[in-house]
Amino acid sequence: MIDLRALRDSPDAVRASQRLRGEDEGVVDAVLAADERRRTALSDFERVRAQQKTHGKTVAKASGEEKQALVAAAKGMAEQVRSLQAQAAEAEAEVDRLLGSVPNLVAEGVPPGGEDDFVVLEEVGAPRDFAADGFEPRDHLELGELLGAIDMGRGAKVSGARFSFLTGPGARLELGLMQYAMARAVEWGFVPVVPPTLVTPQMMGGTGFLGAHAEEVYKLDADDLYLVGTSEVPLAGFHADEILDLSGGPLRYAGWSTCYRREAGSHGKDTRGIIRVHQFTKVEMFSYVSAQDAAAEHQRLLAWEREVLDAVEVPYRVIDVAAGDLGTSAARKYDCEAWVPTQGRYRELTSTSSCTTFQARRLAIRERTGEGSTTPVATLNGTLATTRWLVAILENHQQADGSVVVPAALRPYVGLDVLEPVRR
RNA sequence: GGAGGCGUCGCCUAGUGGUCUAUGGCGCCCGCCUGCUAAGCGGGUUUGGGGUGAUACCCCAUCGCGGGUUCAAAUCCCGCCGCCUCCGCCA
């Protein structure tokens, strides 16, 4: 939810943001009109309600015939209050509906355009030259099957397309990676969290996932609960309806969870292997900071992501995602994409978004100002590890015989130095 | 799944239809007093919104959430949620 007052003050800024995202500008005028109606209706209701309350006190003091007369007189007033209250509630709901449909304001400096209009900020490491190494690289699934690490066939048998079993060294690599990421997060001061992965509609909506991309989300109708696609959702909900004390600096949580995505719009894309699956695990950073610290915290989250990427020793690049490709809640987003040798391109491994005060407004997460009033905080999130990382690790660290060298930083956590083929 | 109890301001708590403008205590904040931080005294202390983009003032809403009854609801009725106790069922 964007700030209604900010929209009233500078509607042009909201129009500009909508334009950058390729979204409807007309909603701005619709919100302004609805807000006007709301305030008028609210004033009308409040005035009559105040009269009713005053009158009620005289009724209470009166008795006998006088009281009968006063009660009779109050009946019409009660009818009016009911009707005006309904009007005010309706106008308010309309403002909420319209305002709720506006995605977060795009931050200054975000590249214009759509999915392909990102700006590359930096490339780290160089793609490995397999020709020089004298062999043709195998893709992650071929390696995974060779190593006894990934079993898509049985995943499909048990659960359908886009489900996998990670087995033996695959399971160990996954758990080791997650443990490593979590250990680093703890070292940086994050509070480790294992959150629930089923959440209420309020939490799903509050984090912005029931807007344009609602069809991406699994829903359990019988229980009115949603399966989260990221622990960002429960971590944002953690402090919902609370007034936080951020005087000691940001509150930072690192969540480990399974994540579920329907991948409804991606039929035929990435159908091979575990690049795009319905279920994966992830370690996610989540920060609550004062609004004015959001941009600085965003840089810190990006820096931490890069530390973990550096540790797994894969080439990657950092991109500044264009306005049209931002999520509903994000004001700015940086992705880190790792080089996938057999695809000859970079694929997203991490994503960090600054949601400024957008999520906090919906979830009622505030802090005290110096004057004693409250103000919404900013929330930010960023990936520290996901199952997809296995793709980049396997492919970039493979050897001619199909074995895979475990990155040094992960070895204590994986418990293996080299993953050896179980068949050839 | 069944039965019962509970849910009031940061915490504890009073409140069984109108004088509730929600009581009292603790904590916290401001002031007074006392020649030390204590005690005592006085005042303040939920959140959201409107008048109004005003630190002052006024108003509305807010007693777990949502409906209803009533001229009038913390209070009565219905539904839901959460916590506790007991029973049943299952691992």
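These figures come from a predicted structure and were not determined experimentally. Order of the sequence lines sets the chain letters (A, B, ...), proteins ahead of strands, with each chain counted from 1.
Closest-nucleotide positions on RNA chain B for A:Lys75 and A:Asp9 were compared, and the one nearer the 5' end corresponds to A:Asp9. Ranked by how close their nearest RNA chain B nucleotide is to the 5' end, A:Arg39 and A:Thr54 are led by A:Arg39.
As the counterpart of B:C32, B:G40 is assigned, both hydrogen-bonding distances of the Watson-Crick or G-U wobble pattern falling under 3.5 Å. Of the nucleotides present, none pairs with B:U21 by Watson-Crick or G-U wobble criteria with both distances under 3.5 Å. Across all strands shown, B:G82 is found opposite B:C6 as a Watson-Crick or G-U wobble partner, with both distances under 3.5 Å. Remark: B:A73 base-pairs with no nucleotide in the shown strands. Criterion, Watson-Crick or G-U wobble with two distances under 3.5 Å. Both distances falling under 3.5 Å, in either a Watson-Crick or a G-U wobble arrangement, occur for no nucleotide opposite B:U16.
Rounded to the nearest Å, the gap between the C1' atom of B:C59 and that of B:C76 is 29 Å. Taking atom P on both B:C30 and B:U23, the two are 24 Å apart, rounded to the nearest angstrom. Rounded to the nearest Å, the gap between the C1' atom of B:G66 and that of B:G88 is 31 Å. Separation of the C1' atoms belonging to B:C65 and B:C83 is 15 Å when rounded to the nearest angstrom. Annotation: B:G49 and B:C41 have their C1' atoms spaced 37 Å apart (nearest Å). Nucleotides B:U69 and B:U55 have their C1' atoms positioned 43 Å apart, rounded to a whole Å. Atom name P, nucleotides B:G27 and B:C86: the rounded distance is 35 Å, in whole Å. With P as the reference atom, B:G5 and B:C9 are 22 Å apart, rounded to whole Å.
Look at A:Gln52 and you'll find a side-chain N or O under 4.0 angstrom from OP1 or OP2 of B:A72. The shortest distance between the side-chain N/O atoms of A:Arg47 and the OP1/OP2 oxygens of B:G51 is not below 4.0 Å. For B:A61, one of the phosphate oxygens OP1 or OP2 lies less than 4.0 angstrom from a side-chain nitrogen or oxygen of A:Lys53. Applying the 4.0 Å criterion to OP1 and OP2 of B:U47, one finds that A:Arg368 has a side-chain N or O inside that range. Residue A:Arg49 places none of its side-chain N or O atoms closer than 4.0 Å to OP1 or OP2 of B:C71. For B:C59, neither phosphate oxygen OP1 nor OP2 lies less than 4.0 angstrom from any side-chain nitrogen or oxygen of A:Ser43.
As a whole-Å value, the separation of A:Asp241 CG from B:U62 P is 17 Å. Rounded to an integer number of Å, the gap from A:His55 NE2 to B:U70 P is 17 Å. Distance CG (A:Asp224) to C1' (B:C65): 14 Å, rounded to an integer number of Å. For the pair A:Leu244 CG and B:U47 C1', the computed distance is 15 Å after rounding to whole Å. When rounded to the nearest whole Å, the span between CD of A:Gln202 and P of B:C80 equals 17 Å. A straight line from CE of A:Met203 to P of B:C65 spans 15 Å, rounded to a whole angstrom. Remark: C1' of B:G48 and CG of A:Leu99 are 15 Å apart, rounded to the nearest angstrom. We find that CG of A:Asp96 is positioned 16 Å from P of B:G48, with the value rounded to whole Å.
For A:Phe45, the listed nucleotide lying nearest its side chain is B:C60; candidates were B:A72, B:C60, B:G48. For A:Leu42, counting side-chain heavy atoms from C-beta on, the closest listed nucleotide (B:G48, B:G49, B:C71) is B:G49.
Not a single donor-acceptor pair, N or O on each side, falls under 3.5 Å between the base of B:G51 and the side chain of A:Glu46.
A side-chain donor-acceptor contact under 3.5 Å links A:Gln359 and A:Thr379. Under the 3.5 Å distance criterion, with hydrogens and angles disregarded, no donor-acceptor pair is assigned to the side chains of A:Tyr253 and A:Glu284.
More than 12 heavy atoms of other shown residues, nucleotides or ligands fall within 6.0 angstrom of atom CD in A:Glu215. Counting non-hydrogen atoms of neighbouring residues, nucleotides and ligands closer than 6.0 angstrom, the CD atom of A:Gln179 reaches no more than 12 such neighbours.
Looking only at side-chain heavy atoms (C-beta outward), A:Val277 and A:Asp270 stay at 4.5 Å or farther from each other.
A ring-centre distance under 6.0 Å is found for A:Tyr413 and A:Tyr180.
Looking at heavy-atom distances under 4.0 Å, A:Arg38 makes contact with sugar-phosphate atoms alone, never a base.
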Discussion item. Quick one, A:Arg332 with A:Asp320, criterion salt bridge (Lys or Arg N to Asp or Glu O under 4.0 Å). Give me CA distance, side-chain angles, the key distance, then yes/no.
Written reply: CA-CA 8 Å; A:Arg332 185 162 214 161; A:Asp320 194 351; 2.6 Å; yes
